[in-house]
Amino acid sequence: MSEAITAVFILIGAFFVLVGSLGLLRFPDFFTRLHGPTKATTLGLASLLAAFVAYAAGTESGVTVREFLITFFLFITAPVSAFMLGRSALRRRVDSVAPRPAAIDDDEAEDDPA
Amino acid sequence: MLARLFPNPVLSGFVLVIWMLLVDSIGAGAILVGVILGLIIPRLTQGFWPDRIHFRRPKVLFTLIPVVVWDIIAANAAVAWIVLTRRNRDLRPVFLIIPLEIREPHGAMALASIITLTPGTVSVQFSADRTTLYVHMLDCPDETEAVEDIRTRYERPLKELLEC
């Protein structure tokens with residue numbers, strides 16, 4: 001039983017990691033590419049960790065919850081790196097399919113007196 | 001006395017819970033070390049925290065967390081579907097401009113993080129005065145609806161949780 005659950009979670013996890021990488025590969029610009037890894041890999045990794053929890057529950061070590069901490073840390077750090085990447089891309093005026101909102105320029109002027 | 005020992009009780013509580021998860025134990029020893037870490041770490045990191053976190057209505061967490069977890073799962077399915085089926089020229093990426101009602105800095109931070117974790121949206125910039133949040137959306141059929149959605153689903157509950 002625990003093996004079946006483990007297998008299901010591994011498959012779900014692998015699927016989302018694959019799709020996340022595919023998104024990174026095929027989307028047209030920097031900002032759309034940002035969506036691939038920050039989304040699909042969070043759930044992908046969460047599923048792989050859930051698979052480990054299910055697997056451990058079937059062995060003598062029993063249920064552990066430590067793995068959920070990894071998920072938790074991932075969930076609080078992934079948005080920060082995505083935010084910093086997005087922010088620097090805006091600042092460097094990386095090409096974007098979505099039109100750049102004019103208001104952003106005013107804010108950056110305030111941000112950066114030089 | 002207690003208030004002086006724990007200037008940031010919510011943070012101390014987090015440290016305790018995370019410590020207990022790390023050592024994977026609910027024994028007295030784990031709790032003791034956790035409480036001691038909860039005493040020390042908030043003190044050492046005090047300079048990084050703009051204000052102390054204060055949950056005014058902790059009950060909101062019980063509805064907000066399930067909503068966010070559900071949206072993360074839905075986000076993944078939605079983004080996966082777009083990755084697999086949508087042609088690049090049919091994508092409609094936009095920058096959403098979200099006027100913020102929430103003033104509490106942790107709340108604004110939490111909102112930006114939740115937005116990044118959920119359906120096809122990534123927070124990319126705050127305006128200098130922190131009253132506007134810029135969000136890149138992967139595929140957006142209706143901008144007003146998307147902004148309204150973020151405000152009702154996440155910003156209002158966060159505001160309720162952290163402000164009065």
Side-chain angles (χ1 to χ4, degrees), chain A residues 12 15-16 18-32 34-36 38-44 46-47 64-69 72-73 75-91 96-101 103-104 106-112, chain B residues 14 17-26 68-69 72-84 86-89 91-97 99 109-140:
Chain A
I12 295 175
F15 170 77
F16 280 113
L18 177 70
V19 167
S21 321
L22 213 64
L24 184 65
L25 184 72
R26 56 149 284 203
F27 281 145
D29 70 344
F30 178 85
F31 293 100
T32 47
L34 209 51
H35 290 275
T38 53
K39 296 290 150 13
T41 55
T42 42
L43 189 67
S47 298
T64 67
V65 283
R66 213 178 301 177
E67 287 66 31
F68 288 115
L69 266 188
F72 173 72
F73 285 130
F75 275 37
I76 55 175
T77 51
V80 178
S81 57
F83 182 80
M84 293 323 282
L85 283 168
R87 204 180 133 94
S88 1
L90 275 176
R91 203 157 245 242
S96 162
V97 174
R100 182 188 172 90
I104 278 185
D106 304 340
D107 286 323
E108 299 216 320
E110 272 175 58
D111 242 25
D112 183 12
Chain B
F14 270 127
V17 170
I18 285 172
W19 176 255
M20 287 170 68
L21 284 171
L22 270 176
V23 294
D24 219 349
S25 150
I26 46 167
V68 170
V69 169
I72 288 173
I73 296 171
N76 278 278
V79 170
W81 184 247
I82 291 174
V83 169
L84 293 174
R86 192 74 62 83
R87 280 173 305 187
N88 276 347
R89 65 183 134 98
L91 270 181
R92 290 156 294 181
V94 290
F95 284 102
L96 297 178
I97 300 171
M109 185 65 215
L111 179 66
S113 299
I114 290 172
I115 287 171
T116 297
L117 288 170
T118 50
T121 47
V122 173
S123 319
V124 288
Q125 174 79 296
F126 276 107
S127 65
D129 55 1
R130 249 202 256 122
T131 54
T132 314
L133 178 64
Y134 298 98
V135 172
H136 187 269
M137 193 162 181
L138 180 59
D139 183 61
C140 179

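Order of the sequence lines fixes the chain letters, A, B, ..., with proteins taken first and strands second; residue numbering starts at 1 for each chain.
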What part of B/I97 gets within 4.5 angstrom of chain A, counting heavy atoms only: side chain, backbone, both, or neither?
side chain

Roughly how far, to the nearest 0.5 Å, is CG of B/L111 from CD1 of B/I115?
4.0 Å

The reported gap from CD1 in B/I82 to CZ in A/F27 (rounded to nearest 0.5 angstrom) is 6.5 Å

Given the options B/L138, B/D139, B/L22, which has more heavy-atom pairs under 4.5 Å with chain A than any of the others?
B/L138

Residues that B/F95 engages under ring-ring contact (aromatic ring centres under 6.0 Å, His included), provided they are two or more places apart
A/F31, B/H136

Please state whether the side chain, the backbone, both or neither of A/L69 comes within less than 4.5 Å of a heavy atom of chain B.
side chain

Proximal component of B/I114, with respect to chain A [non-hydrogen, under 4.5 Å]
neither

Chain A heavy atoms under 4.5 Å from B/M109: which part of the residue, side chain, backbone, both or neither?
side chain

Suppose we screen for salt bridge (charged side-chain N to carboxylate O under 4.0 Å, His left out). Which residues come up paired with B/R89, at least two apart in sequence or across chains?
none

Check whether any side-chain heavy atom of B/L117 lies under 4.5 Å from a side-chain heavy atom of A/F75, and answer yes or no.
yes

